[in-house]
Number of protein chains: 2
Amino acid sequence: MFSQTVEYALRAIVFLADKSPEACTTEQIAERTQVPKPYLSKVLQNLSRCEIVRTQRGVGGGVTLLRPPAELTILEVVNAVEPIQRIATCPLGLKSHGKNLCPLHRRMDDAMASVEAAFRNTTLAEILAEPTGSPPLCDDRKPERKPALARS
Amino acid sequence: MFSQTVEYALRAIVFLADKSPEACTTEQIAERTQVPKPYLSKVLQNLSRCEIVRTQRGVGGGVTLLRPPAELTILEVVNAVEPIQRIATCPLGLKSHGKNLCPLHRRMDDAMASVEAAFRNTTLAEILAEPTGSPPLCDDRKPERKPALARS
DNA sequence: TTTAAAGTGGATATGATTATCCAATTTTGC
DNA sequence: GCAAAATTGGATAATCATATCCACTTTAAA
């Protein structure tokens with residue numbers, strides 16, 4: 001029901017939010033989120049154009065979340081890569097319906113509205129803070145080879 | 001968020017439910033629901049295999065709803081043509097998560113669950129009975145050229 | 001029995017999504 | 001300035017969803 005692209009974008013953003021406000025390279029994100037790197041880079045370009053992340057070239061560059069996780073919702077991420085298409089007018093173009101959806105499309109749109117609302121009401125911070133055993137996405141792993149030397 | 005195929009299948013079923021228990025030809029359905037006929041016929045074949053409709057060849061044949069509209073839900077139709085894919089286990093295959101979804105996937109799955117529930121709770125009869133000005137799908141039209149002579 | 005109506009199945013085309021590759025550009029540190 | 005690290009942009013491939021076409025079969029009625 002959600003496209004691969006949406007899934008990938010959300011994985012990347014959750015990972016970035018977890019590291020926020022530090023920057024990560026596309027390579028790091030790709031590895032930990034199991035998203036094919038070349039494709040991920042396209043998705044990130046999109047998120048960059050939508051001002052969700054900032055990208056920085058060159059040595060020491062990478063991708064950074066532009067806003068604090070508490071102020072970024074899942075919906076904004078989803079809408080950046082693949083906007084949720086609500087049904088605004090009769091898909092059959094029936095003049096007699098117009099904006100007054102028939103019962104079928106009314107319910108389909110209601111379903112989409114509930115998804116939209118759920119996504120609007122969830123911030124990245126909430127996802128990170130969830131009191132669950134498993135941290136989002138990331139498997140329990142040995143720490144990175146060189147965890148020290150935090151890039152200031 | 002829902003594919004064309006789902007949209008088409010639902011349109012066809014609503015139309016059929018409205019005529020139920022009479023049979024309609026693919027041609028009639030295609031015309032009134034504005035679905036390309038060759039594609040619609042594939043969709044209907046699918047619904048036929050899933051025992052949602054019955055198809056009958058030959059003169060006077062056509063497509064019939066197999067069950068009364070009150071006993072058919074939107075969900076069954078959707079699942080017949082394109083099953084709603086719930087997230088059962090961690091999409092990243094993380095062993096430490098397993099069936100215990102991380103907060104991100106938990107919420108994505110919750111969203112899908114709400115759609116599924118809404119669709120499960122709506123029967124075709126409810127859609128037809130909705131007290132709305134406009135009947136489902138069908139524009140207000142002059143009656144067919146020859147409305148009499150109901151095919152018994 | 002012939003004919004016209006109707007769905008079936010298979011082949012094929014078209015378009016969008018997903019995915020990959022690479023040369024070019026930017027940036028930092030030496 | 002040079003080299004290495006990083007993203008960018010464009011070209012291209014692979015796969016799936018959408019759509020079309022047609023010869024064939026089934027069926028009922030004349």
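What you see below is based on every heavy atom in this structure, not just the backbone, and it leaves out hydrogens, waters and symmetry mates. Proteins come first, then strands; the chains are lettered A, B, ... in the order of their sequence lines, and each starts at number 1.
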Every protein N/O within reach of nucleotides 7-11 of chain C N/O, cut-off under 3.5 Å:
{"unit_1": "C/dG7", "atom_1": "OP1", "unit_2": "B/T26", "atom_2": "N", "d": "2.9"}
{"unit_1": "C/dG7", "atom_1": "OP1", "unit_2": "B/T26", "atom_2": "OG1", "d": "3.0"}
{"unit_1": "C/dG7", "atom_1": "OP2", "unit_2": "B/T26", "atom_2": "N", "d": "3.4"}
{"unit_1": "C/dG7", "atom_1": "OP2", "unit_2": "B/T26", "atom_2": "OG1", "d": "3.2"}
{"unit_1": "C/dT8", "atom_1": "OP1", "unit_2": "B/T55", "atom_2": "OG1", "d": "3.0"}
{"unit_1": "C/dT8", "atom_1": "O4'", "unit_2": "B/R57", "atom_2": "NH2", "d": "2.8"}
{"unit_1": "C/dG9", "atom_1": "N7", "unit_2": "B/K42", "atom_2": "NZ", "d": "3.2"}
{"unit_1": "C/dG10", "atom_1": "N7", "unit_2": "B/K42", "atom_2": "NZ", "d": "3.4"}
{"unit_1": "C/dG10", "atom_1": "O6", "unit_2": "B/K42", "atom_2": "NZ", "d": "2.7"}

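- Non-hydrogen atoms lying under 4.0 Å from DNA chain D are contributed by nothing in residues 72-85 of chain B.
- Shown here are the side-chain hydrogen bond (donor to acceptor under 3.5 Å, both in side chains) partners of A/D109, two or more places apart in sequence or in another chain: A/R86, A/R106.
- Taking CZ of B/R107 as the start and CD1 of A/I127 as the end, the distance is 5.5 Å to the nearest 0.5 Å.
- For B/Q28 and C/dA5, the CD to P distance is 13 Å, given to the nearest whole Å.
- Within the nucleic acid shown, A/P38 comes within 4.0 Å of at least one base atom, counting heavy atoms only.
- Look at CD1 on A/I29: it is 15 Å from C1' on D/dA5, rounded to the nearest Å.
- In this structure, B/Y39 atom OH and C/dA13 atom P are separated by 18 Å, rounded to whole Å.
- Listed by first and then second residue, the ring-ring contact (aromatic ring centres under 6.0 Å, His included) pairs that reach into residues 25-68 of chain B are B/Y8-B/Y39, sequence neighbours excluded.
- Rounded to an integer number of Å, the gap from A/Q4 CD to C/dT18 P is 7 Å.
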Report the C-alpha separation of A/T73 and A/N121 in whole Å, then their side-chain angles, then the decisive distance to 0.1 Å, and conclude whether the side chain to side chain contact (heavy atoms under 4.5 Å, CB included) test is met. CA-CA 7 Å; A/T73 66; A/N121 286 326; over 6 Å; no

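- Within the structure, ring-ring contact (aromatic ring centres under 6.0 Å, His included) pairs that include any residue of residues 41-89 of chain B do not occur (at least two apart or interchain).
- In this model, the phosphate group of D/dA19 is approached by a side-chain N or O of B/Y8 to a distance below 4.0 Å at OP1 or OP2.
- For A/E82, the side-chain hydrogen bond (donor to acceptor under 3.5 Å, both in side chains) partners at least two apart in sequence or on another chain are A/S3.
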Tabulate below the donor-acceptor pairs under 3.5 Å that side-chain atoms of residues 48-71 of chain B make, not counting sequence neighbours, or state none.
{"unit_1": "B/R54", "atom_1": "NH1", "unit_2": "B/Q56", "atom_2": "OE1", "d": "3.2"}
{"unit_1": "B/R67", "atom_1": "NH1", "unit_2": "B/E71", "atom_2": "O", "d": "3.2"}
{"unit_1": "B/R67", "atom_1": "NH1", "unit_2": "B/E76", "atom_2": "OE2", "d": "2.9"}
{"unit_1": "B/R67", "atom_1": "NH2", "unit_2": "B/E76", "atom_2": "OE2", "d": "3.0"}

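- Here salt bridge (charged side-chain N to carboxylate O under 4.0 Å, His left out) pairs that include residues 117-129 of chain B, with residues two or more places apart or in two chains, are B/E116-B/R120.
- In this structure, A/L40 places its CG atom 14 Å from C1' of D/dA6, rounding to the nearest Å.
- As a whole-Å value, the separation of A/L16 CG from D/dT7 P is 11 Å.
- To the nearest angstrom, C1' of D/dT7 lies 14 Å from CG of A/L47.
- In this structure, of D/dA19, D/dT18, C/dA19, it is C/dA19 that holds the atom nearest to the side chain of A/P36.
- Rounded to whole Å, the distance from CZ on A/R54 to P on D/dA6 is 15 Å.
- Residues passing the side-chain hydrogen bond (donor to acceptor under 3.5 Å, both in side chains) test with B/K42, sequence neighbours excluded: none.
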